[in-house]
Amino acid sequence: MALYEPIESADARRHLLLRSPVTMEPVGELVCANMEDVAAAIAIARKAQAGWAATPIRERAKVAERAVQLVLERQDEIMDTVVRETGKARADAMSMEIFSVVDSLCYYAKHAESFLKPRKRRVHGILGIAKQLRILYKPLGVVGLITPWNGPFVLVMNQAVQAVLAGNAVVAKGSEVTPYSAKLAQTILEDAGLPPGVLQVLLGDGETGNAIVRGGVDKVSFTGSVATGRKVAEACAGQLIPCTLELGGNDAMIVCADADLDRAADGAWLGSCMNTGHYCCGTERIYVVDAVYDEFLRLVLEKGKHVKQGAEHGFAEDVGAVFWDRQMTIIEAHVEDARSKGATIHMGGRRNPNLSGLYYEPTVITEVGNHMEIMCFETFGPILCIQRVADEDEALRLANDSEFGLNGNVWTKDKEKGYRLAAAMDTGSCSVNDMALSYGIPAAPFGGRKSSGVGQVNGKKGMRGYTHEMPIVIDRFGGKMQNAYPNNVKSAEGMRKLMDFLWRKTPLGRWLA
Ligand code: NAD
């Protein structure tokens with residue numbers, strides 16, 4: 001039984017029946033926005049954007065401030081919706097969808113004005129005498145925002161707040177399996193005072209997403225798989241519009257001989273199983289140096305005895321359901337490939353026989369290697385794959401031997417060594433003595449390398465990425481133009497002398513230059 005299936009409809013839209021990944025019972029029907037709906041939404045957005053961009057940034061920021069209180073007040077309703085659609089553990093819903101969203105709203109409310117206010121920048125050299133340079137952060141217009149199912153509320157909210165505070169309108173679409181969690185972003189921001197039309201979260205599937213990407217928007221912010229990311233990049237290239245692509249990962253964890261092993265074992269569990277392992281920066285490969293491998297594995301297995309999986313979805317459970325049967329197929333295929341190639345499965349390695357619905361047991365696998373799918377591709381499941389390595393050099397070489405480069409983590413008591421190893425990781429970001437955290441730290445620019453993405457989101461850079469940084473050069477003095485036509489030999493000679501003065505001959509010239 002699939003998580004969603006098309007159903008007959010009498011109108012011109014695709015209708016899908018959605019099921020709960022926990023009970024597999026129907027939880028709702030999704031009517032997908034078609035091309036006409038998307039075109040209408042983009043037209044509404046374009047109209048709304050002009051007035052919104054004229055609203056002072058401080059006023060725009062107040063919407064985010066009010067949204068903080070609304071998210072806090074409605075946290076149970078938000079978590080209920082997210083858990084109903086995803087089956088994630090309630091504690092994951094709280095940390096990832098509530099805490100992160102509130103933190104991000106606060107951050108952008110506080111910093112939007114300073115990130116986006118026009119700036120004067122000194123013009124270098126001799127031109128600085130006569131010219132003034134101002135930089136303006138102009139909204140791009142209408143942004144298309146496409147997001148996946150693993151963080152259905154946070155991934156819409158976090159990008160939408162940056163784009164709208166920067167003065168854009170947004171036409172967004174969450175995943176077809178988590179549409180109502182995504183829709184909550186619009187409800188909350190509108191209730192916080194965002195004018196209608198500035199953020200529209202459409203319901204729909206890949207075809208709806210494709211219609212947004214090709215519908216005449218001014219930028220696309222995409223989060224999802226590598227395969228869809230490529231299609232989005234091609235569509236944007238054809239229209240010559242910018243995009244950011246936040247794609248998949250296959251993150252490595254390196255455990256050094258001097259690591260705090262107890263903390264590292266906790267970090268391995270959390271990094272691999274948070275959000276049922278459906279975390280783009282989830283730990284997928286764990287490299288442990290020989291000297292501490294046995295003790296690390298012992299600790300991991302000991303802690304594994306206490307990892308709880310259940311169908312109540314109260315705060316006392318650790319690992320929730322797999323959110324989508326499509327992902328379950330990938331998880332099972334990767335584990336079976338590893339098993340058939342000689343990996344040892346210490347715990348888990350199967351669906352939870354005590355629970356109906358899409359539950360995969362928390363799993364620990366060793367004797368793994370790069371000839372196995374589970375080490376080369378994104379598995380996105382609650383699985384710890386642990387490999388023994390001779391030393392840190394081998395760990396680093398294997399960590400970087402991947403087509404992905406999203407995040408990673410290094411564990412050592414020597415922080416400087418941790419910093420050096422982290423810097424040598426070929427990834428968008430890295431943590432020392434913690435699981436991957438950078439998406440949850442708004443000031444950290446976030447984005448992958450290699451197949452993990454293009455461009456960066458979040459922080460000052462991410463917010464400004466929703467604007468055009470427009471330089472305006474103003475002449476200070478007026479009067480006759482120095483370089484007015486007609487050109488002649490004398491004026492060329494004058495220019496040559498000026499260049500000699502500035503860059504060749506005199507200390508005064510070099511100072512001015
Ligand atoms: P997906 O690519 O299948 O879908 C993502 C979104 O794109 C969905 O809303 C989908 O409906 C839409 N879509 C599908 N086809 C489209 C098309 N042709 N044009 C436009 N939109 C289209 O990905 P998914 O399975 O939903 O998400 C899981 C992936 O997302 C994983 O690989 C995960 O690592 C990645 N992810 C990355 C980050 C990050 O920040 N790097 C964060 C979360 C998830």
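Along the sequence shown, residues are numbered consecutively beginning with 1. Counting starts at 1 for both ligands and their atoms, following the listed order.
A side-chain N or O of N407 and one of S429 form a donor-acceptor pair less than 3.5 Å apart. A donor atom on one side chain and an acceptor atom on the other are not found under 3.5 Å apart for N150 and N275. For the residue pair T276/Y360, the side-chain donor-acceptor check at 3.5 Å is not satisfied.
Of all atoms in ligand 1, listed by their number and element, those nearer than 4.0 Å to a heavy atom of N150 are 43 (C), 44 (C). Proximity to S175 (heavy-atom distance under 4.0 Å) selects the following atoms of ligand 1: 9 (O). Within ligand 1, counting atoms from 1 as listed, the ones closer than 4.0 Å to a heavy atom of T228 are 1 (P), 2 (O), 3 (O), 13 (N), 14 (C), 15 (N), 16 (C), 17 (C), 22 (C). Residue R326 has at least one heavy-atom neighbour below 4.0 Å for each of these atoms of ligand 1: 3 (O), 24 (P), 25 (O). Close approach to K173 involves these atoms of ligand 1, each under 4.0 Å from a residue heavy atom: 8 (C), 9 (O), 10 (C), 11 (O). Below 4.0 Å from some heavy atom of I146 lie the following atoms of ligand 1, by number and element: 6 (C), 7 (O), 9 (O), 12 (C), 21 (N).
Contact check for M94 versus Q75: side-chain heavy atoms found under the 4.5 Å cut-off. Side-chain contact check for E77 versus L184: some heavy-atom pair is nearer than 4.5 Å. Counting only heavy atoms from C-beta outward, the side chains of V101 and V154 approach each other to under 4.5 Å. With a 4.5 Å cut-off on side-chain heavy atoms, V335 and I383 count as touching. The closest side-chain heavy-atom distance from E373 to H334 is below 4.5 Å.
Nearest to atom 33 (C) of ligand 1 by heavy-atom distance, out of F446, W149, F380, F404, is F380. The residue among G249, G206, G248 with a heavy atom at the shortest distance from atom 17 (C) of ligand 1 is G206. Residue G209 holds the heavy atom nearest to atom 21 (N) of ligand 1 of all those in G428, G209, G447. For atom 9 (O) of ligand 1, the choice among N210, T223, T147 with the nearest heavy atom turns out to be T147.
The proximity of E207 to ligand 1, defined as any non-hydrogen pair under 4.0 Å, does not occur for either the backbone or the side chain. Within the 4.0 Å heavy-atom criterion, the part of D205 lying near ligand 1 is the backbone and not the side chain. Residue Q327 does not touch ligand 1, judged by heavy-atom distances below 4.0 Å. At a heavy-atom distance under 4.0 Å, only side-chain atoms of L406, from C-beta outward, approach ligand 1.
Evaluation of the ring-ring contact (aromatic ring centres under 6.0 Å, His included) rule for F446 yields Y439 as partners, not counting sequence neighbours. In terms of the side-chain contact (heavy atoms from CB on, under 4.5 Å) criterion, residue partners of E176 (sequence neighbours excluded) are, by chain and number, Y4, L16, L30, K173, D205, W324.
Contact between L155 and ligand 1 is present, with at least one heavy atom of the residue lying under 4.0 Å from the ligand. Ligand 1 has G174 within reach: a non-hydrogen atom of the residue lies less than 4.0 Å from it. Residue contact annotation: G151 has no non-hydrogen atom under 4.0 Å from ligand 1. By the 4.0 Å heavy-atom criterion, H278 is excluded from the residues contacting ligand 1.
Classification of D191 and R74 as a salt-bridged pair holds, one side-chain N sitting under 4.0 Å from a carboxylate O.
Here's the thing with L247: one of its N/O atoms is less than 3.5 angstrom from an N/O atom of ligand 1.
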